[in-house]
Amino acid sequence: TYDDGPHNTSTNKILDVLERYDARATFFVVGSRISEYSSCIVRADKLGCEIANHSYTHPNLTKLSSSEVKSELTKTDNKVKNIIGVKPTLLRTPGGNTNDTVREVCNKPIIYWSIDTLDWKTRNKSKTVNSVMNNVRDGDIILMHDIYSPTKDAALEIIPKLKEKGYQLVTVSELAKYRGYTLTNGTTYSSLR
Ligand code: ZN
């Protein structure tokens, strides 16, 4: 999974390698970025990737009122729908900050992660690659951020390496389906093993 994009350069490079290795990912996009980079969304969707909701302006949703939370999510849902014809079905809350209000009003399953690459912090290709390859297990949900160039470089290594090890790289919704999970709105998921 890739958060905080889309980004013109790095998202497209990640899509290149996903396409080449017949792999898919879920992109948790920030709504305010969508108009500028809508071609990335169109392309990701065509490649079978999933576009999911990561709010409109990336605030800490736990600091907002319920109507403000709804607005953050609805604006992104509508932007995505305008571009690819369907609304996102999954949510990842910015910073993983979730409270009862968010769970009550979000109307979506909330997807966390089981491998945090800390790519946003290290901005280091090798550390990001190792954080995945040293820890990965079947059913993991990997957190990365497609707006950083070192993350893009790491993804270009990780995707072929995972394929070589026999992993299928799928979207979160596909993972849930293949694992037999029915995802429930307002429930938080960290892995789907
Ligand atoms: Zn984020």
Side-chain angles (χ1 to χ4, degrees), residues 1-30 33 37 40-41 43-44 47-55 58-62 88 90-98 109-179 181 183 187-193:
T1 67
Y2 298 93
D3 288 12
D4 295 359
H7 181 281
N8 212 17
T9 318
S10 49
T11 307
N12 267 312
K13 291 248 165 72
I14 292 168
L15 290 172
D16 287 344
V17 74
L18 287 170
E19 183 174 19
R20 189 164 148 211
Y21 288 91
D22 190 27
R24 279 169 288 285
T26 297
F27 290 87
F28 289 91
V29 300
V30 174
R33 300 179 62 85
Y37 302 122
C40 290
I41 307 266
R43 186 175 172 216
L47 292 175
C49 291
E50 176 169 32
I51 309 299
N53 196 319
H54 194 47
S55 82
H58 207 272
N60 181 343
L61 293 177
T62 66
L90 305 178
L91 168 66
R92 178 172 283 152
T93 50
N97 294 303
T98 302
I110 301 168
I111 307 300
Y112 281 6
W113 50 85
S114 51
I115 293 184
D116 186 351
T117 63
L118 297 174
D119 61 332
W120 60 274
K121 199 172 178 184
T122 66
R123 310 276 178 100
N124 180 291
K125 181 188 80 165
S126 304
K127 282 185 179 162
T128 303
V129 171
N130 290 339
S131 70
V132 175
M133 300 314 300
N134 294 342
N135 298 294
V136 69
R137 288 170 53 192
D138 200 8
D140 271 330
I141 299 172
I142 301 168
L143 171 63
M144 296 172 73
H145 297 79
D146 53 324
I147 50 171
Y148 302 118
S149 188
T151 295
K152 172 260 297 171
D153 293 334
L156 303 192
E157 276 192 42
I158 290 167
I159 292 162
K161 280 186 171 164
L162 288 176
K163 290 290 284 195
E164 198 182 299
K165 279 179 167 273
Y167 285 101
Q168 289 175 281
L169 278 65
V170 296
T171 67
V172 173
S173 288
E174 287 172 331
L175 181 61
K177 192 176 101 185
Y178 296 145
R179 288 294 184 191
Y181 283 84
L183 301 179
T187 299
T188 305
Y189 301 88
S190 300
S191 68
L192 295 164
R193 291 188 180 126

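All of these numbers come straight from a predicted model, not from anything done at the bench.
Looking at heavy atoms from C-beta onward, T1 lies out of side-chain contact with I111 at the 4.5 angstrom threshold. Annotation: side chain of S55 is in contact with side chain of P94 (closest heavy-atom distance under 4.5 Å). Looking only at side-chain heavy atoms (C-beta outward), T11 and Y2 stay at 4.5 Å or farther from each other. With contacts defined as side-chain heavy-atom distances shorter than 4.5 Å, the pair V29/P6 qualifies. Between W113 and R92, the closest side-chain pair of non-hydrogen atoms falls below 4.5 Å. Looking only at side-chain heavy atoms (C-beta outward), D146 and K152 stay at 4.5 Å or farther from each other. Considering only heavy atoms from C-beta on, V172 comes within 4.5 Å of L192 through its side chain. You'll find the side chain of L18 stays beyond 4.5 Å of the side chain of R24, heavy atoms only.
Interatomic distance, OG1 of T117 versus CG of N124, reported as 11.0 Å (0.5 Å rounding). Rounding to the nearest 0.5 Å places CZ of R20 at 9.5 Å from CG of L156. Atom-to-atom distance recorded for S149:OG and K125:NZ is 10.5 Å, nearest 0.5 angstrom. Atom CD1 of I159 and atom CD of E164 lie 14.0 Å apart (nearest 0.5 Å). Distance check, rounded to the nearest 0.5 Å: CD1 of I141 to OG1 of T171 gives 10.5 Å. Distance check, rounded to the nearest 0.5 Å: OG1 of T93 to CG of L61 gives 6.5 Å.
Ring planes of Y181 and Y189: perpendicular class, angle over 60° (limits at 30 and 60°). A tilted orientation is assigned to the rings of H145 and Y148, their planes being inclined by 30° to 60°.
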Next item on the list: Report the C-alpha separation of Y21 and L169 in whole Å, then their side-chain angles, then the decisive distance to 0.1 Å, and conclude whether the side chain to side chain contact (heavy atoms under 4.5 Å, CB included) test is met.
Entry: CA-CA 9 Å; Y21 288 91; L169 278 65; over 6 Å; no
Next item on the list: For the pair T9 and Y37, evaluate side chain to side chain contact (heavy atoms under 4.5 Å, CB included) and give the outcome as yes or no after the intermediate values.
Entry: CA-CA 10 Å; T9 318; Y37 302 122; over 6 Å; no
Notebook entry, point to check: Stepwise, does the side chain to side chain contact (heavy atoms under 4.5 Å, CB included) test hold for M144 with D3?
Noted result: CA-CA 6 Å; M144 296 172 73; D3 288 12; over 6 Å; no
Next item on the list: Go through the steps for K127 and D119 under the test salt bridge (charged side-chain N to carboxylate O under 4.0 Å, His left out), then give the verdict.
Entry: CA-CA 8 Å; K127 282 185 179 162; D119 61 332; over 6 Å; no
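R123 contributes a side-chain N or O that, together with a main-chain N or O of W120, makes up a donor-acceptor pair within less than 3.5 Å. Of the possible polar contacts, none joining the T128 side chain to the T151 backbone as a donor-acceptor pair under 3.5 Å is found. Side-chain atoms of K161 do not come within 3.5 Å of backbone N or O of M133 as any donor-acceptor pair. A donor-acceptor contact shorter than 3.5 Å links the side chain of E50 to the backbone of S173. A distance-only check finds no donor-acceptor pair linking the side chain of S191 to the backbone of G139 [under 3.5 Å].
The two residues I51 and A44 make their nearest non-hydrogen contact at CD1-CB, 3.9 Å.
By the ring pair (Phe, Tyr, Trp, His ring centres under 6.0 Å) test, F28 pairs with no residue at all, sequence neighbours left out. Legend: residues meeting side-chain hydrogen bond (donor to acceptor under 3.5 Å, both in side chains) with N12, ordered by chain and number and at least two apart, are R43. N135 meets the side-chain hydrogen bond (donor to acceptor under 3.5 Å, both in side chains) test with no other residue; sequence neighbours excluded. With sequence neighbours left out, the side chain to side chain contact (heavy atoms under 4.5 Å, CB included) criterion links N97 to N60, T62. The side-chain hydrogen bond (donor to acceptor under 3.5 Å, both in side chains) test applied to S131 returns no partner, not counting sequence neighbours. By the ring pair (Phe, Tyr, Trp, His ring centres under 6.0 Å) test, H7 is found to be paired with no residue, residues two or more places apart in sequence or in another chain being considered.
Here the rule is side chain to side chain donor-acceptor pair (under 3.5 Å) with D138, and of Q168, R179, R193 only R179 fits it.
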